[in-house]
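No hydrogens, no waters, no symmetry mates; every other heavy atom, side chains included, goes into these values. In this text, all values refer to a predicted model and were calculated from it rather than measured experimentally. Counting from 1, the numbers follow the sequence of the chain as shown.
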Amino acid sequence: LQDYFINIFWSYLVKYLLMIIAFTVLVSCNLKKEEKVEQKPADAPQQAQQAMGQPAAGAKIEGNKIFLADFSFEIPSTWVVEQPTSSMRISQFGLKSNQEIKIIGFYFGNNDNMIEANIERWKNEFTNVESVKNSKAANDLIEVVLITGTFKKKPYPMAQEFEEAPNYSTMACIIPSKEGPYFFKAWGPKEEIAKELSVFTNFLNTYKK
């Protein structure tokens, strides 16, 4: 009888030790996987590029110039180069005079059909559009759009909720390229945008192939 209980004791002890060993191995493997994920995030190249002060995906800045596709622009001295705060942005500038105003570069792929779609989307960012003015820059190559009205001011770009901001403007442009259209856009109180419009147009007029 004593041998019987001893055998049962050792049997349970061995099972218990095997369970502890298996659990330890499982935890160790999971920790190693987490370490690998932390060391090599999926967007590591983009993070490295941004850490060097370069905009993500397709924009290159050297000195006072920004290079996109097969063309470049000269960056105004009144603008500050910033790291894009979203993966949707290929470049981002702030105004030295007003850091709340951002001039943002976008690229959505080689699809010319998106030009009109983007203009409509810019209009739909207003609850009430009071005026839309179109002009040209860079020897009529670049279309410039100025929209004024009551803007849907959102806490973040994709938010559903917004507050109405009257007397707001969006200035934007469409730049053709061999890779498809590129866009620059800024929005804010219409007085601030009106003051910046000539600088924005001069920036576009520095277009060089």
Side-chain angles (χ1 to χ4, degrees), residues 55 58-59 61 64 66 68 71-108 111-177 180-207:
I61 291 178
N64 70 331
I66 178 169
L68 296 158
F71 59 91
S72 67
F73 294 108
E74 294 180 12
I75 303 167
S77 59
T78 55
W79 293 5
V80 179
V81 178
E82 298 181 347
Q83 293 182 16
T85 54
S86 166
S87 60
M88 296 289 290
R89 303 176 178 185
I90 59 169
S91 65
Q92 180 174 311
F93 303 97
L95 302 186
K96 289 181 179 178
S97 60
N98 187 344
Q99 282 292 300
E100 292 186 5
I101 306 289
K102 308 296 181 187
I103 298 93
I104 300 164
F106 297 96
Y107 174 70
F108 303 108
N111 187 351
D112 290 332
N113 294 329
M114 296 185 70
I115 294 176
E116 290 302 322
N118 271 277
I119 293 174
E120 286 304 310
R121 184 172 59 82
W122 297 335
K123 292 178 182 178
N124 289 333
E125 291 173 344
F126 291 76
T127 57
N128 178 43
V129 174
E130 295 173 3
S131 67
V132 179
K133 296 179 180 179
N134 296 76
S135 59
K136 298 284 187 176
N139 294 320
D140 294 339
L141 178 69
I142 300 172
E143 184 171 358
V144 183
V145 182
L146 179 66
I147 307 168
T148 301
T150 303
F151 190 72
K152 299 175 183 177
K153 196 173 182 181
K154 298 183 177 182
Y156 54 92
M158 301 303 291
Q160 295 298 312
E161 67 274 13
F162 62 86
E163 59 180 66
E164 292 190 340
N167 299 316
Y168 252 59
S169 289
T170 290
M171 64 179 182
C173 70
I174 302 105
I175 308 158
S177 84
Y182 282 73
F183 306 89
F184 281 101
K185 176 186 173 189
W187 62 92
K190 74 176 183 180
E191 295 84 1
E192 295 292 327
I193 296 300
K195 288 190 293 185
E196 196 60 28
L197 183 59
S198 61
V199 179
F200 185 64
T201 304
N202 288 338
F203 162 72
L204 297 176
N205 283 331
T206 66
Y207 173 93

Participant: Which value, rounded to the nearest 0.5 Å, describes the distance between Glu192 atom CD and Ser97 atom OG?
Facilitator: 6.5 Å
Participant: Heavy-atom distance under 4.5 Å between the side chains of Val80 and Leu95, does that happen here?
Facilitator: no
Participant: Can you say whether the rings of Phe151 and Phe126 are parallel (under 30°), tilted (30 to 60°) or perpendicular (over 60°)?
Facilitator: perpendicular
Participant: Give, for atom CD1 of Ile104 and atom OG of Ser91, the distance between the pair rounded to the nearest 0.5 Å.
Facilitator: 8.5 Å
Participant: State, to 0.1 Å, how close Phe71 and Ser177 come at their nearest heavy-atom pair, and which atoms those are.
Facilitator: CE2-CB, 3.7 Å
Participant: Before you tell me yes or no, could you show the steps for Tyr182 and Phe108 under side chain to side chain contact (heavy atoms under 4.5 Å, CB included), namely the whole-Å CA-CA distance, both residues' side-chain angles and the distance that decides it to 0.1 Å?
Facilitator: CA-CA 8 Å; Tyr182 282 73; Phe108 303 108; over 6 Å; no
Participant: Contact between Lys133 and Val145 at the side-chain level, heavy atoms closer than 4.5 Å - yes or no?
Facilitator: no
Participant: Is it true that the NZ or CZ of Lys153 lies under 6.0 Å from the centre of Phe162's six-membered ring and within 45 degrees of the ring axis?
Facilitator: no
Participant: Report the residue from Tyr207, Phe106, Phe203 that forms a ring-ring contact (aromatic ring centres under 6.0 Å, His included) with Phe184.
Facilitator: Phe203
Participant: Given Asn124 and Arg121, is the side chain to side chain donor-acceptor pair (under 3.5 Å) satisfied, shown in steps?
Facilitator: CA-CA 5 Å; Asn124 289 333; Arg121 184 172 59 82; over 6 Å; no
Participant: So, do Thr148 and Val129 sit near enough that their side-chain heavy atoms are less than 4.5 Å apart?
Facilitator: no
Participant: Considering all heavy atoms of both residues, which atom of Phe73 and which atom of Leu204 are nearest to each other, and what is their separation?
Facilitator: CE2-O, 3.4 Å
Participant: Got Ile174 and Ile142 here, is their nearest side-chain heavy-atom distance under 4.5 Å?
Facilitator: no
Participant: Could you check whether any side-chain N or O of Thr150 sits under 3.5 Å from a backbone N or O of Pro166, counting only pairs where one atom can act as donor and the other as acceptor?
Facilitator: no
Participant: Please step through side chain to side chain donor-acceptor pair (under 3.5 Å) for the pair Thr170 and Glu125, ending with a clear verdict.
Facilitator: CA-CA 9 Å; Thr170 290; Glu125 291 173 344; 4.6 Å; no
Participant: Between Ala186 and Lys102, what is the shortest heavy-atom contact and its length?
Facilitator: CB-O, 3.2 Å
Participant: Just verifying a value: how many Å separate Lys190 NZ and Ile147 CD1, rounded to the nearest 0.5 Å?
Facilitator: 14.5 Å
Participant: Assess whether atom CD of Glu100 is packed by more than 12 heavy atoms of other residues, nucleotides or ligands within 6.0 Å.
Facilitator: no
Participant: Within a strict 4.5 Å, meaning less than it, do heavy atoms of the Ser169 and Trp187 side chains meet?
Facilitator: no
Participant: Taking it one step at a time, do Ile193 and Tyr168 satisfy side chain to side chain contact (heavy atoms under 4.5 Å, CB included)?
Facilitator: CA-CA 8 Å; Ile193 296 300; Tyr168 252 59; over 6 Å; no
Participant: For the pair Asn205 (side chain) and Ala138 (backbone), establish whether a donor and an acceptor sit closer than 3.5 Å, ignoring hydrogens and angles.
Facilitator: yes
Participant: Taking all non-hydrogen atoms of both residues, which atom of Val132 and which atom of Asn134 are closest, and how far apart?
Facilitator: CG1-OD1, 3.9 Å
Participant: Measuring only between side-chain heavy atoms, which start at C-beta, is Glu82 closer than 4.5 Å to Phe93?
Facilitator: no
Participant: Test your reading of the model: is there a side-chain donor-acceptor pair from Asn139 to the backbone of Leu141, 3.5 Å cut-off?
Facilitator: no
Participant: Would you say the side-chain atoms of Gln92 pair up with the backbone N or O of Thr85, donor to acceptor, closer than 3.5 Å?
Facilitator: yes
Participant: May I ask you to check whether Glu196 and Trp79 show a side-chain donor-acceptor distance below 3.5 Å?
Facilitator: yes
Participant: How many angstroms lie between atom CD of Glu116 and atom CD of Glu120, to the nearest 0.5 angstrom?
Facilitator: 7.0 Å
Participant: So how far is it from Lys123 NZ to Asn118 CG, rounded to the nearest 0.5 Å?
Facilitator: 12.5 Å
Participant: Of all the heavy-atom pairs spanning Arg89 and Pro84, show the shortest one and how long it is.
Facilitator: O-CB, 3.7 Å
Participant: Compare every heavy atom of Phe200 with every heavy atom of Cys173, then report the nearest pair and how far apart it is.
Facilitator: SG-CZ, 3.8 Å
Participant: With a 3.5 Å distance limit and no angle check, can you tell me whether Asp140 reaches the backbone of Lys136 through a side-chain donor-acceptor pair?
Facilitator: no
Participant: Are the side chains of Thr201 and Met171 in touch, meaning some heavy atoms are under 4.5 Å apart?
Facilitator: no
Participant: A side-chain contact here means heavy atoms from C-beta on lying under 4.5 Å apart; do Ile175 and Pro181 qualify?
Facilitator: no
